[in-house]
Number of protein chains: 2
Amino acid sequence: MKEGPDIAHVAALIGDPARANMLTALMSGKALTVSELAEEAGVTIQTASSHLSKLNEGGLLRPRKQGRHKYFSLANDDVAHVLEGLMGLAAGSGHLRKRTGPKDTELRKARVCYNHLAGDMGTQLFDSLIAQGHLAMNGENLTLTETGANFATSFQIDLDTLRSNRTPLCRECLDWSERRSHLAGSLGRAFLSRFEELSWVKRDQKTRVVTFSRNGAKEFERQFAVN
Amino acid sequence: MKEGPDIAHVAALIGDPARANMLTALMSGKALTVSELAEEAGVTIQTASSHLSKLNEGGLLRPRKQGRHKYFSLANDDVAHVLEGLMGLAAGSGHLRKRTGPKDTELRKARVCYNHLAGDMGTQLFDSLIAQGHLAMNGENLTLTETGANFATSFQIDLDTLRSNRTPLCRECLDWSERRSHLAGSLGRAFLSRFEELSWVKRDQKTRVVTFSRNGAKEFERQFAVN
DNA sequence: AATATGCTTCGACTACGGTCGAACTATGAA
DNA sequence: TTCATAGTTCGACCGTAGTCGAAGCATATT
């Protein structure tokens, strides 16, 4: 009853419906303003503001002021990771918010998870990189191998700028729909944005859905075959 | 606001202080009765009963009736995993329930996490098994290699009975204190109970602390050196 | 300056849910 | 059968926290 960190506080923060909606909205990886989040949660701006300050004090968010706007994003990958885990539990106990709607299959196919690719395609990417020896798991943490670094640069990803960033390069993130790992970290983000540049994929503006173009799917298949 | 599983419900379940206390108590891996959990949470038996039925409906617990007792344990490793994740967030935002008490260092050194070894020693074990090629990570899931199977049997672990169980053999579980992975799954449990048989370690009855005997620490060092 | 927009703070209202006492059921012991 | 112990159900109480209107700041735009 006394040892260990205080779970209840954090969980209670996530446990309010309005706040949970905001957090899931932020799982898209985009930074959103107070009013956008209010809209997303279905509450007035005042209450949204109150909720956001609480989430912020709880260390779940990262606020940035820009002019008269205030942008919020998730604090870090750990937060996203826990949220995905909770989604897994909720999905497992059959508590989907919408019972396998048409969007649902799209979400399972490919979606954005805090700026990196998740869903079926996300785990395919991850498995492929591991299988080709581009990524290696040393105990806990993923590392980019030499061949992996070459591959990334040949894929027009600038590793130096990624490395200069203080966020970890590769991380694994558990997928609630696939129940498998996909690639997170700044490299994961770089891959997704590169896919966008190549217009292999397109991110839906309002949801987390990621759609592959016909050509994009073909190229993805070619480069990241899961033989 | 509409897609994805309903996080809020699960999080709210964990978010109540009394329930959170029960869940952390169950992180020891032991099944506890209603009255024990009531004691642990600091509430009367009636309220405990109500809490437990809610947690159960939420799919977080696994109840078992035995005579006039009713035992509860965590439903599965996923639940434990999410709880550890939440502990990580809480610890990260500086919300420790007790500020680095004397127990705290013991907990970080070695503790029990849903019946397997966690903390510093837990991650050491995991890293060693990976480094020696006893465990391999194929994309998402851990697998026991051939040499690993030999090692386990030489360590008096009966793999056949473990495999006959329907729970996964090896899983990784994120450690909130170390922020690294340690070994979960039935193999993880088997290792811990084997350590107990060898009296390398002793589990505290009331807390999650695991203490290594002098000899146990030496032997552990010898077998699972982190060179 | 004057006005508009984005966000925060304050205060009051309300409701949901945690809490326990008391009564009830079920299993085991004498 | 009778008593004791473990757990559940019911009902009533109460507090906390989510909610919004209104007013107050702060940053842009004219």
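Convention: sequence-line order gives letters A, B, ...; per-chain numbering from 1.
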- Does a side-chain heavy-atom distance below 4.5 Å link B:Arg208 with B:Cys113? yes
- Take the protein atom CG of B:Leu32 and the nucleotide atom C1' of D:dG7, then report the distance between them rounded to whole Å. 16 Å
- Item | Smallest separation among heavy atoms of A:Leu26 and A:Tyr114, with atom names | O-CD1, 4.3 Å
- Output all residues satisfying side-chain contact (heavy atoms from CB on, under 4.5 Å) with A:Lys54, sequence neighbours left out; order by chain, then residue number. A:Leu13, A:Arg19, A:Ser50
- Message: Can you give me the bend angle of the helix from C:dA1-D:dT30 to C:dA30-D:dT1? Use the axis through the first five pairs and the one through the last five, nearest 10 degrees.
- Response: 20°
- Message: Give me the atom names and distance for the closest heavy-atom approach of A:Cys170 to A:Leu135.
- Response: SG-CD2, 4.0 Å
- Heavy-atom contacts, protein to nucleotides 9-21 of chain D, under 4.0 Å, summarised as B (base), S (sugar-phosphate only) or - (none) per nt, yield B--------SBBB
- Message: Please determine whether a side-chain nitrogen of the Lys or Arg among A:Arg194 and A:Glu219 lies less than 4.0 Å from a carboxylate oxygen of the Asp or Glu.
- Response: no
- Query: So, do B:Ile14 and A:Leu86 sit near enough that their side-chain heavy atoms are less than 4.5 Å apart?
  - Reply: yes
- Item | With B:His116 via ring-ring contact (aromatic ring centres under 6.0 Å, His included) - residues at least two apart | B:His182
- Any pair with a residue in residues 67-77 of chain B that passes side-chain hydrogen bond (donor to acceptor under 3.5 Å, both in side chains), sequence neighbours left out, goes on the list, sorted by first then second residue, please. B:Arg64-B:Ser73, B:Asp77-B:Arg189
- Among A:Val112, A:Thr211, A:Val209, which one satisfies side-chain contact (heavy atoms from CB on, under 4.5 Å) with A:Arg203? A:Val112
- Message: Parallel, tilted or perpendicular: which one describes the rings of A:Phe220 and A:Phe195, with boundaries at 30° and 60°?
- Response: perpendicular
I'd like a table of atom pairs between the protein and nucleotides 4-6 of chain D - only N or O on both sides, under 3.5 Å - with the distance next to each one.
residue, atom, partner, partner atom, Å
D:dT5, O2, B:Arg68, NH1, 3.2
D:dA6, O3', B:Arg68, O, 3.4

- Expressed in angstrom and rounded to an integer, what is the separation of A:Lys65 atom NZ from C:dG6 atom C1'? 10 Å
